Amino acid sequence: MEFAILGDIHGRTLSPFEEYLDAERPERVYCTADFDLKESYREFLDITDDYRTEIVPGNHEHAAKEALDLRSDSLNEIGIEAQELAEAWQDSEYHDLLERVDDPRKQTHQFELNEQNAVLIHGALAGDTSDFRKCPENREFMWNRLQADMEPLNFSGPNTDYHEANFDQMEDMRYNVMFRSHDHKPEVTYRKPGRGVVTLEPNDGSTFVMRKERPYTVTTGAWRDGWFVEGDTEPENRDEPVIKYHKEEF
């Protein structure tokens, strides 16, 4: 199965991604949301007419539904206040997306990567929620960060303790690979016996093999910055799934 994953749309048009889909025709399209603008969500709905898709809601959808005072550089770039965002979605015909955050079962989507179990999620199973200190326990999946390079957090870059806790949760839930966004910086992290947590920073075109003996978290990067990931569960000359990073220039 060939697939594509993108998230953290943050108001960016999906037209270049649609051009990629028309050229490559993957069998599945997965999305981790944070649309912000309903126009971007409408573009994604157009994609659902031609492709088998799955979507999990992001923390911005949750913030819009609950009218939270969201602090976000992405909203600042778009030029919209959090309250305006909430009002726009509440009055929109696309309110159904916000309703999905009320169902904890819809915060993740499980699928198979050949003989491995993968999970699609916006945040992570474990991590840091200090940028939303009142985060309800059953909404942490949308808010957990594995990276921290922004205020009000006190450190920069990947946090080994968060990754370890996340890998432990993945092991308990029998997930081999997690695909996520939320932290906008692309990253592939895995746990290797004897070495602990290993973090790799992809470039445009970087390719990675998802080895069976390691748990992985794959942070796709933000579509707002042009990033998305494609994958193949049965690539030629490989026994294990392969993913590849792409970066569009707007």
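Owing to the predicted nature of the structure, the values given are computational and were not obtained by experimental measurement. Quick note: residue numbers are just sequence positions, from 1.
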Approximate separation, where rounding is to 0.5 Å, of Glu27 CD and Met1 CE: 7.0 Å
Derivation of the salt bridge (Lys or Arg N to Asp or Glu O under 4.0 Å) call for Glu249 and Lys247: CA-CA 7 Å; Glu249 298 295 335; Lys247 189 177 191 301; 3.7 Å; yes
Test log, rule side-chain contact (heavy atoms from CB on, under 4.5 Å), inputs Ser72 and His60: CA-CA 9 Å; Ser72 168; His60 278 221; 3.3 Å; yes
Glu213 atom CD, neighbour heavy-atom count above 12 within 6.0 Å: yes
Same apolar cluster: Leu75 and Leu98, side chain cutoff 4.5 Å: yes
Nearest atoms (heavy-atom pairs only) where Pro241 meets Pro235: CA-CD, 4.3 Å
Straight-line distance of Ile47 CD1 to Cys31 SG, nearest 0.5 Å: 8.0 Å
Sidechain-backbone polar pair: Gln90 side chain, Lys65 backbone, donor-acceptor under 3.5 Å: yes
Lys212 vs Asn176, side-chain contact (heavy atoms from CB on, under 4.5 Å): CA-CA, chis, key distance, verdict: CA-CA 7 Å; Lys212 296 177 184 178; Asn176 304 92; 6.0 Å; no
Donor-acceptor pair, side chain of Glu61 and main chain of Asp34, under 3.5 angstrom: yes
Chi angles and distances behind the side-chain contact (heavy atoms from CB on, under 4.5 Å) call for Arg25, Asp22: CA-CA 6 Å; Arg25 308 298 298 181; Asp22 291 342; 3.8 Å; yes
Criterion side-chain contact (heavy atoms from CB on, under 4.5 Å) on Glu240 and Glu115, from CA distance to verdict: CA-CA 8 Å; Glu240 295 162 310; Glu115 298 178 357; over 6 Å; no
Distance-minimising heavy-atom pair for Ala86 and Ala64: CB-O, 3.3 Å
hydrophobic_cluster_shared for Ile121 and Phe167, side chain cutoff 4.5 Å: yes
Side-chain donor/acceptor of Glu43 to backbone N/O of Leu14, under 3.5 Å: yes
Gln110 (side chain) donor-acceptor with Leu120 (main chain) under 3.5 angstrom: no
Contacts of type side chain to side chain contact (heavy atoms under 4.5 Å, CB included), residue Glu84, not counting sequence neighbours: Ile80, Glu81
Non-hydrogen side-chain atoms of Val197 and Tyr190 separated by less than 4.5 Å: no
Backbone of Asp131 reached by a side-chain donor or acceptor of Trp143 within 3.5 Å: no
Heavy-atom check, side chain of Tyr245 versus side chain of Ile243, under 4.5 Å: yes
Less than 3.5 Å apart, which donor and acceptor atoms pair up between the side chains of residues 218-232 and the rest of the protein, not counting sequence neighbours?
from   : atom 1 : to     : atom 2 : distance (Å)
Thr219 : OG1    : Arg180 : NH1    : 2.9
Thr220 : OG1    : Arg180 : O      : 3.4
Trp223 : NE1    : Thr13  : O      : 2.9
Arg224 : NE     : Glu77  : OE1    : 3.4
Arg224 : NH1    : His10  : O      : 3.1
Glu230 : OE1    : Tyr20  : OH     : 2.5
Glu230 : OE1    : His246 : NE2    : 3.4
Glu230 : OE2    : His246 : NE2    : 3.3
Asp232 : OD1    : Glu234 : N      : 3.0

Closest approach of Ala33 to Gly58 (non-hydrogen atoms, all atoms of both residues): CB-N, 3.6 Å
Tyr30 and Phe3 aromatic ring geometry - parallel, tilted or perpendicular at 30°/60° bounds: perpendicular
Leu113 vs Phe111 side-chain heavy atoms within contact, under 4.5 Å: yes
Closest non-hydrogen atom pair, Thr108 against Phe141: CG2-CD2, 3.7 Å
Worked verdict on Glu66 versus His62 for side-chain hydrogen bond (donor to acceptor under 3.5 Å, both in side chains): CA-CA 6 Å; Glu66 301 297 330; His62 176 69; 4.8 Å; no
Derivation and outcome, side-chain hydrogen bond (donor to acceptor under 3.5 Å, both in side chains), residues Gln107 and His122: CA-CA 8 Å; Gln107 293 181 69; His122 184 80; over 6 Å; no
Closest contact, heavy atoms only, Gln116 versus Met210: NE2-O, 2.8 Å
Joint cluster assignment, Ile9 & Phe179, ILVMFWY side-chain distance < 4.5 Å: no
Lys134 and Phe132, any side-chain heavy atoms less than 4.5 Å apart: yes
Gap separating the CG atom of Asp8 from the OG atom of Ser181, nearest 0.5 angstrom: 4.0 Å
Student check: side-chain heavy atoms of His182 and Arg145 closer than 4.5 Å: yes
Atom pair CG/CG of Leu45 and Asp49 - distance to nearest 0.5 Å: 8.0 Å
Leu125 backbone acceptor or donor facing Asn166 side chain under 3.5 Å: yes
Under 3.5 Å side-chain donor-acceptor pair for Arg191 and Tyr216: no
Asn144 side-chain N/O to Ala124 backbone N/O, donor-acceptor pair under 3.5 Å: yes
Where Ala4 and Phe17 come nearest, the two heavy atoms and their spacing: CB-CZ, 4.0 Å
Greater than 12 external heavy atoms within 6.0 Å of Asp239's CG: no
Thr233 and Asn114: side chain donor to acceptor below 3.5 Å: no
Spacing of Thr53 atom OG1 and His109 atom NE2 [to the nearest 0.5 Å]: 9.5 Å
Asn117 versus Tyr175, side-chain donor and acceptor atoms under 3.5 Å: no
Side chain to side chain, Val198 and Thr189, heavy atoms closer than 4.5 Å: no
Mutual orientation of the aromatic rings belonging to Tyr94 and Tyr41 [parallel < 30°, tilted 30-60°, perpendicular > 60°]: perpendicular
Hydrophobic cluster identity match, Leu146 and Phe208, side-chain contacts under 4.5 Å: no
Evaluation steps, salt bridge (Lys or Arg N to Asp or Glu O under 4.0 Å), between Glu201 and Lys185: CA-CA 8 Å; Glu201 296 184 6; Lys185 184 178 180 181; 3.1 Å; yes
Side-chain heavy atoms of Asp36 within contact of Ile78, under 4.5 Å: yes
Other residues, nucleotides, ligands: >12 heavy atoms within 6.0 Å of Arg174 CZ: no
Any side-chain donor near an acceptor of the partner, Gln147 and His163, under 3.5 Å: no
Step-by-step salt bridge (Lys or Arg N to Asp or Glu O under 4.0 Å) determination, Asp103 to Arg105: CA-CA 5 Å; Asp103 188 346; Arg105 296 169 299 176; 3.0 Å; yes
pair Val56-Met142: side-chain heavy atoms closer than 4.5 Å: no
